[in-house]
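Here's the structure we're looking at; comments come further down.
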Amino acid sequence: MTACDDCLRRAQLLRILAPRIAELSTPRARGARMLLALPDIELVYTVAGSRAAEVQAQLEAFDPRAMREEVVRAHLAATCRHDAAYPERLLQLPDPPAALFMRGDPALLTGVSEEPAVAIVGARRASTYALEVAQELGRGLAVSGVTVVSGLALGVDGAAHRGALSGNGRALAVLGSGADVPYPRSHRELYARVARTGLILSELPPGAGARRWAFPARNRIMAALAEMVVVVEAREASGTLITAEFAAGLQCQVGAVPGRITSAGTAGSNRLLVDGAKPILGVGDVLDALYGVGARPEPPPLRVALDPIGRAVLDAVEAGDSPLDACVHPVKDVRAALGRLEVLGLVRRDGLGGYERTGLRCEPA
Amino acid sequence: MLASMATFAIEGVDSREVTVEVDVRQGLPVFNVVGLPDAAVREARERVRAALLNSELEFPQKRITANLAPADVRKAGPSFDLALAGALLAASDQIPTNELGRCALVGELSLSGALRPVRGAVAMAAGARAAGFERLIVPVENALEASLVGGIEVQGVPDLRSLVELVNGRWTPEPVTEMSAVDAEPVRSLDFCDVRGQSDAKRALEIAAAGGHNVLMVGPPGSGKTMLARRLPGILPPPSFDEALEITRIHSVAGIASGSLIRQRPFRAPHHTISPSGLIGGGSIPRPGEITLAHRGVLFLDELAEFSRVALEALRQPLEGGGVEITRGQRSLSLPAAAMLVGACNPCPCGKPRDNCACDQVARTRYQQRLSGPLLDRIDLICQLEPARPGELISADALERSAAIRERVVAAREGQRARLDGTTATCNAEMDAPLTRVHVRMSARVRARMLEGHATTGMSARGHDRVLRLARTIADLDGRDSVRASDVDEALSYRMSSAWRAAA
Ligand SMILES: Nc1ncnc2c1ncn2[C@@H]1O[C@H](COP(=O)(O)OP(=O)(O)OP(=O)(O)O)[C@@H](O)[C@H]1O
Ligand SMILES: [Mg+2]
């Protein structure tokens, strides 16, 4: 996985121009989108104005090798639109990001071409209800093998990521800052968890701080990656709705979770429903939209060599018996087997200390 | 004439020196006590007067002023009587003054002049020794426990008359007899072999006892939770001498000591209606709570979900730090509270076995929310009980006896003692983060196992250390120095499920 010189230069240009773009962008930052669609030269002239020559000179002095080293130092990887690892879905954008920087498991990025990804988005200041829904949707989708995309923001975004992580699933966060810059800072721990098992993605070069215009820009990436955008809770005229707007212009479905009709906090998401978005009353509705009503994908079986005790314990859980009761083996061995099976994702606890089987199949390695 | 005498006041589970000054001079016969005395201390005047007269001693018909210094410490209870009487006797020339200079006096007087035992004699003896006194005179019933502290001569006196004889060198008390070791063995009546089935809970309790870990038993009514918990003391290792002394000292302050060294770990099982201050201690004159009374032993909270949330929240800090901090006015006190928490509760409000449980998700969640999340995070083992099957109940098979389990527990603890020698921890559960790093050494394979566990269970840093400490204990029970991957697996399976923690 590599990024070519030209695309890295484009990233460098974004870095140079970032403060100016911020000044030029309208409050709702639609301006930034038009800007990002411009080729390098035009972008320089539109944004830098009288300082265009200066910027041009800076750009000519750009050393792609230095940026590659910078990427490595920041523990990131880079790809670009001329690279095989670049997801095709992003090319449907009128302004696809040139280079992408990431930390985590790059298979999540290539995976979006084969298996569906769903973006869960919503307000930062969300109701408890919305947080619960987002977390449950994130978990349910992750358990069903769907990649959960969100923006790591406070509120709904964070809840969706947490849900995906708790379901041992694939969590993909697209940032409005550099991929090595946890933003918001209070989500540092969440950032680390996503980076450990999922993927953090950004079109901005390493070290880029968060800027207002960058958020609608990253929303376009979320919408393009996802097969469906689910709006959990949004006010009218909010950033979340921009994502839904992008989605409507792409091969991406839009769903919304119904909210109280008397609350301003849910006016935007309810409006989407009126305009024809799919009502989402649960994980099932999302899965129906992705795979067809009632159809579900089969998760790939886990290939693992279980010892006889592990096998027996798994069978007991599968049969609905308490393994500690049903197995003739010493408790310590049954307990060790349970711990192992849970870590492998084959069983899970139902909250009362009891165990139940997950949907994951298991085949001998 | 003026005379003073040293005595000790209980403060938490420690004691503080108090000086009793008595001034006797010509004037109208009155007897005043100043220096923040409570009602019991003020009543000491009456007890001292009657005790003196009934002991054929003289009560001076003069102006008597007694002062308890320092004046800013609240003085409570009747334990100052003896020092007050002694100072009065010295001030009225009935006993030589210099004789009691290096000596402290503690004791309650009855009207007849006989001495009654006081609470907290162990703490007072420790305080007197620390303050440099050579001799402590106590009621004869307190002599044994006071002498446990060592390093100070303890004399037990039956009544006021004997005190006078003692000071005049006409009588010496019998030396305090060394206590016999008969009470070292735990109560034998409750044995694990009475509990049929429940092998998971038995194993969990064995691990908990071996490492001092907190444990929660979850199971339907009548499955044997209370029964198992009551048998836990029978498999706990005996306390070391220092621990036994700590226990005796606390129980002596609370007035529940036997008068000699307590050689069993305490098992406290407060009712679920207990108040927060009853649980962690408090009151205007701070008294130790149940968690302190359970120090070095077990605090058993049966029907955990029925305890008030405030009370459970109050337990969080003591469970983490092994101590309670109480602030009253300008003074703050710390009470020891290194107890092992054992909880029991039903899995859901209806309490029926899983197959015919009628509770919906909302009811379950609400029930689980009653247990405070951070408290659950401090539980190392959660185990499950299913109702014992008829076959198991009827079976005549002999089950393992407590004595056999205890042997393994004692062996495991001995290993920990040796390993943790010279640190503040006495068992695995008390290891802090740095000690855990040092003593739970992991091979690359085990480390990989922990990483995997992190990835799939999303445990907190606290959870991580708890799993390591638990794995350490599991290896100790097996007599191994190295922690194996299977130990980590087993430890992981006893953790609270993250789903439950999130719900709470
Ligand atoms: N596993 C068992 N083996 C033998 N006797 C048992 C067992 N379980 C329960 N019993 C019998 O049932 C009685 C009730 O058990 P216990 O009080 O321990 O139940 P519990 O789990 O604490 O129930 P609750 O949730 O109602 O408090 C015991 O005193 C004992 O006689
Ligand atoms: Mg009970």
Side-chain angles (χ1 to χ4, degrees), chain A residues 105 131-132 135-136 139 159 161-169 171 189-190 192-198 304 307 309-310 313 320-356 358 360, chain B residues 197-204 206-207 216-219 346-348 353-355 357 361 364-365 368 382-386 388-389 392 449-458 460-461 467 474 477-478 484-504:
Chain A
D105 180 5
L131 296 181
E132 254 169 51
Q135 178 143 0
E136 187 44 37
R139 198 190 70 85
H161 287 306
R162 284 201 186 89
L165 292 170
S166 73
N168 300 338
E189 201 183 321
L190 183 60
R193 286 178 62 198
V194 172
R196 203 154 50 222
T197 59
V304 60
D307 58 11
I309 297 183
V313 171
D321 297 331
S322 164
L324 293 154
D325 249 14
C327 292
V328 292
H329 304 286
V331 195
K332 53 182 293 200
D333 297 336
V334 176
R335 272 287 176 182
L338 279 172
R340 183 85 198 115
L341 293 174
E342 191 190 2
V343 168
L344 288 172
L346 291 168
V347 303
R348 65 165 162 256
R349 262 171 284 193
D350 63 6
L352 312 172
Y355 282 87
E356 64 188 18
T358 59
L360 189 60
Chain B
Q198 310 309 6
S199 47
D200 188 42
K202 285 185 181 177
R203 167 83 178 156
E206 179 177 337
I207 298 173
L216 174 65
M217 292 183 279
V218 180
N346 295 332
C348 63
R354 226 177 335 158
D355 298 339
C357 163
Q361 198 53 47
R364 278 168 183 244
T365 314
Q368 289 164 8
I382 169 170
C383 64
Q384 253 197 303
L385 292 89
E386 303 282 336
R389 279 168 308 189
E392 281 173 341
R449 227 17 174 258
M450 277 308 287
L451 268 182
E452 245 183 294
H454 264 286
T456 49
T457 59
S460 62
V467 169
I474 293 171
L477 267 177
D478 215 15
R484 280 192 199 147
S486 65
D487 301 333
V488 170
D489 287 343
E490 190 178 352
L492 277 170
S493 88
Y494 283 114
R495 275 181 65 255
M496 190 68 57
S497 86
S498 45
W500 201 2
R501 224 166 334 120

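Letters A, B, ... are given to chains in the order of the sequence lines, protein chains preceding strands, and every chain is numbered from 1.
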Residue list, side chain to side chain contact (heavy atoms under 4.5 Å, CB included) with B:A491, at least two apart or on another chain: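 With sequence neighbours excluded, B:A491 shows a side chain to side chain contact (heavy atoms under 4.5 Å, CB included) to B:V467, B:L470, B:A471, B:I474, given in chain and number order.
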
Taking every non-hydrogen atom, the tightest pair across A:R335 and B:Q384: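 Reported closest heavy-atom pair: NH2-N, 4.2 Å.
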
Approximate separation, where rounding is to 0.5 Å, of [X] [atom1] and [Y] [atom2]:
X	Y	atom1	atom2	value
B:D489	A:K332	CG	NZ	12.5 Å
A:L341	B:S493	CG	OG	10.0 Å
A:R340	B:L492	CZ	CG	9.5 Å

Listed partners of B:D478 passing side chain to side chain donor-acceptor pair (under 3.5 Å), at least two apart: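 Partners of B:D478 under the side chain to side chain donor-acceptor pair (under 3.5 Å) test: B:R480.
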
Top contributor to chain B contacts, counting heavy-atom pairs under 4.5 Å, from A:G339, A:A337, A:A336: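 Maximum pair count with chain B is reached by A:A336.
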
